[in-house]
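Numbering of ligands and ligand atoms starts at 1, following listing order. Computed from a predicted structure; not experimentally measured.
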Amino acid sequence: MKYFQLIILSLLIGFSTPIFGQTASENSLPRVHILATGGTIAGSGDSHTKAAYKAGEVPIEELLNAVPEIHEKAKITGEQIANIGSQDIDIKTWLKLSNRIQEIFQNDEADAVVITHGTDTMEETAYFLSLTVNADNPVVLVGAMRPSTAMSQDGNRNLLDAVTVAAAKESKNIGVVVAMNEYIFSAKDVDKTHTTNTNAFQSHNFGPMGIVFDGKVKFYHQPLQVLKPFKTTDLNSLPRVDIFYGYTDADPKIIDFAIENQTKGIVFAGVGNGNFSKEMEKALTKAVKKGIKVVRSSRINQGRVTLENEVDDEKLGFIVADDLNPQKARILLMLALTKTQDKEEIQEMFLGQ
Ligand code: SIN
């Protein structure tokens, strides 16, 4: 066979012929970039059946090689941002992640991003990114409750599901989501609700946005996100905001400690509808008078904290968290304080998010 006949034949055989190491059909797949940060999904233990393991041990190459099916869904690239348990994720890591994602989309390096992350603080990273990444492309956080070495580990399936969500045409404009245990949750609504079980994530108020099952994605609803993204590219840190937890006979001196420590904001995880004792109210009012922004959130994981119910927020100068749990209220308050010190404006952000 002549050379030109060979070329025609290979064109006829079709587009499965490798082109520079990729097939043409691979070329038409969406591009998903994986940012690995550690957590149990990258954890390893000595025993198949015992719970003990160390988070953040397995490097990204090994994680991706363990799930070859992801390459049927997307053209995969990846990088290691960190390899730590999510209890060690800090604000610097959030800023690094957010800025890197922004850069990936601005430079058209990928169509979507998947972040492998420990589950303990995944909801916080997801919410932070949902408030700071300014792009329509999907960003999907995923983790595992069992380490990669465990019997019936959940990480491989969760990773495949996360890539499926990231690559799906239905996922345009979904923003930042968490994909865990077949569910897709919005960053704002999701929280971790079980310490060890594989069904550890829920969205108490509004349910999951959708499901991913058998390689297909189905969305049922999408939260309205009204807040414009906060710009973080020039930031190295965020204003300090502390969370305090309400309980029977809680000692208000803890608030004096926060004032001395120059905190800029306090989120109080109150009882019920964000309530606290008269003594705690005095301490928190003192903080407001010192210029500290005080947000009333709740230790209850369902419902909203509402303005002017049992507490005279207007008179005392408090802000309510609406449906944000304390850890997410802290994130919004830290970001709000990078823009404004105006209490009313900050309250609008909480009510409008
Ligand atoms: C972590 O959050 O890094 C440890 C727990 C987990 O990933 O499930």
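Ion pairing between a basic and an acidic side chain is recognised when a charged N comes within 4.0 Å of a carboxylate O; K188 and D323 show such pairing. A salt bridge does not link K92 with D90: every distance from a Lys NZ or Arg NE/NH1/NH2 to an Asp or Glu carboxylate oxygen is 4.0 Å or more.
Checked against the 6.0 Å centroid criterion, the rings of Y220 and F206 do not qualify as a close aromatic pair.
Atom CG of L316 is separated from atom CD of E281 by 5.0 Å, given to the nearest 0.5 angstrom.
Counting only residues at least two apart or on different chains, no salt bridge (charged side-chain N to carboxylate O under 4.0 Å, His left out) pair has a member in residues 206-223.
Only one option out of E182, M180, Q153 pairs with N158 in a side chain to side chain contact (heavy atoms under 4.5 Å, CB included); it is M180.
Pocket lining of ligand 1, defined as residues with a non-hydrogen atom under 4.0 Å away: G39, T40, Y53, G85, S86, Q87, G118, T119, D120, A144.
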